[in-house]
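Values below: all heavy atoms of this structure, side chains included; hydrogens, waters and symmetry mates excluded.
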Amino acid sequence: MKYDETLRTPSSRLQEAQDVGRKLQELRIAHGFTQSDVAARAGISRSTAVLIEQGDESRTLAQVLRYLHAIESPLTLAGLLRGESGAVRNMATNARTKRVRVRSSSARKANPGPASSSSDADKYDF
């Protein structure tokens with residue numbers, strides 16, 4: 001019989017489980033892996049991988065550790081929690097927002113956009 005662990009687990013611990021799942025998801029995405037690929041490498045089903053990334057508290061520690069090992073084998077769970085993955089840091093650094101610059105008035109005259117629109121959006125390149 002499967003027990004509902006949410007009834008016996010403090011809410012702060014449930015939040016920690018969700019944080020671990022989110023960090024594992026970030027790590028997987030930073031490495032460019034799919035859930036299916038990592039699940040196969042970890043020897044778990046894709047549905048279990050989904051539950052791990054959602055922070056399901058009834059996943060075993062062994063499943064979480066195998067999932068982590070399948071993504072980045074030298075990284076420890078403590079290292080994951082401290083943000084020691086270079087792949088995640090690189091992804092965060094490269095995820096900068098695009099800069100918006102005002103077009104010069106000569107470029108605006110050469111490419112006026114829609115004739116009936118005189119909004120401020122016509123002045124910017126995105």
Side-chain angles (χ1 to χ4, degrees):
M1 178 176 187
K2 189 172 182 179
Y3 296 102
D4 185 2
E5 296 293 334
T6 59
L7 301 175
R8 301 186 296 180
T9 308
S11 61
S12 62
R13 297 298 181 200
L14 294 174
Q15 183 59 47
E16 287 176 354
Q18 290 177 348
D19 291 344
V20 169
R22 184 181 40 77
K23 286 181 179 289
L24 284 167
Q25 181 182 39
E26 282 179 357
L27 182 66
R28 176 184 58 78
I29 291 169
H31 280 282
F33 297 140
T34 65
Q35 279 181 335
S36 298
D37 291 340
V38 176
R41 292 175 63 184
I44 59 176
S45 67
R46 184 179 171 280
S47 61
T48 299
V50 169
L51 291 172
I52 288 172
E53 289 187 8
Q54 288 175 347
D56 181 59
E57 68 287 341
S58 59
R59 299 300 97 208
T60 67
L61 181 59
Q63 289 173 326
V64 172
L65 292 175
R66 286 195 330 255
Y67 196 75
L68 173 61
H69 183 78
I71 300 170
E72 189 174 328
S73 59
L75 185 64
T76 64
L77 185 56
L80 174 73
L81 297 174
R82 286 191 298 261
E84 293 177 359
S85 172
V88 173
R89 284 193 307 268
N90 288 340
M91 184 178 75
T93 301
N94 293 334
R96 295 183 184 148
T97 57
K98 292 182 178 179
R99 293 184 180 193
V100 178
R101 63 182 172 89
V102 177
R103 284 194 268 169
S104 67
S105 60
S106 61
R108 215 175 317 136
K109 290 176 186 174
N111 186 10
S116 62
S117 174
S118 62
S119 69
D120 287 340
D122 294 338
K123 297 183 223 175
Y124 301 97
D125 283 336
F126 293 97

Review point. Mind checking whether Gln18 and Gln54 have side chains closer than 4.5 Å, heavy atoms only?
Key: no
Point to revise | Separation of Ile29 CD1 from Ile71 CD1 (nearest 0.5 Å) | key: 9.5 Å
Exercise for review: Could you list the residues that satisfy side chain to side chain contact (heavy atoms under 4.5 Å, CB included) with Glu26, not counting sequence neighbours?
Suggested key: Arg22, Val88
**Study point:** Closest non-hydrogen atom pair, Ala30 against Ala87
**Key:** CB-O, 3.5 Å
Review point. Out of curiosity, Leu27 CG to Ser85 OG, how far, rounded to the nearest 0.5 Å?
Key: 4.5 Å
Check your understanding: When you measure from the side chain of Arg66 to the backbone N and O of Ala42, does any donor-acceptor pair fall under 3.5 Å?
Key -> yes
Exercise for review: For Glu16, enumerate each residue passing the side chain to side chain donor-acceptor pair (under 3.5 Å) test, keeping only those at least two apart in sequence or located in another chain.
Suggested key: Arg13
Point to revise | Step-by-step salt bridge (charged side-chain N to carboxylate O under 4.0 Å, His left out) determination, Arg89 to Glu84 | key: CA-CA 8 Å; Arg89 284 193 307 268; Glu84 293 177 359; over 6 Å; no
Review point. Is the Lys NZ or Arg CZ of Arg41 less than 6.0 Å from the centre of Phe33's six-membered ring, within 45° of the axis?
Key: yes
Check your understanding: So, the side chain of Glu53 versus the backbone of Val50: is there a donor-acceptor pair under 3.5 Å, distance only?
Key -> no
Review point. Once you round to the nearest 0.5 Å, how far does CG of Asp19 lie from CG of Leu24?
Key: 11.0 Å
Revision key, fill the gap. In short, Arg46 meets Ser36 closest at the heavy-atom pair CD-OG, 3.2 Å
Check your understanding: Which value, rounded to the nearest 0.5 Å, describes the distance between Ser45 atom OG and Leu51 atom CG?
Key -> 7.5 Å
Review point. Among all residues two or more places apart in sequence or in another chain, which pass the ring-ring contact (aromatic ring centres under 6.0 Å, His included) test with His69?
Key: none
Practice item. Measure across Leu80 and Lys23 and return the closest heavy-atom pair with its distance rounded to 0.1 Å. Key: O-CD, 3.7 Å
**Study point:** Contact summary for Leu68 and Thr76, nearest pair of heavy atoms
**Key:** CD2-C, 3.6 Å
Exercise for review: Start with the C-alpha distance between Leu77 and Leu61, add both sets of side-chain angles, then the distance that settles side chain to side chain contact (heavy atoms under 4.5 Å, CB included), and finish with yes or no.
Suggested key: CA-CA 10 Å; Leu77 185 56; Leu61 181 59; 4.2 Å; yes
Practice item. Report the distance from atom CD of Gln25 to atom OH of Tyr67, rounding to the nearest 0.5 Å. Key: 8.0 Å
Practice item. Just do the side chain to side chain contact (heavy atoms under 4.5 Å, CB included) check on Thr48 and Asp56 with the steps written out, would you? Key: CA-CA 9 Å; Thr48 299; Asp56 181 59; over 6 Å; no
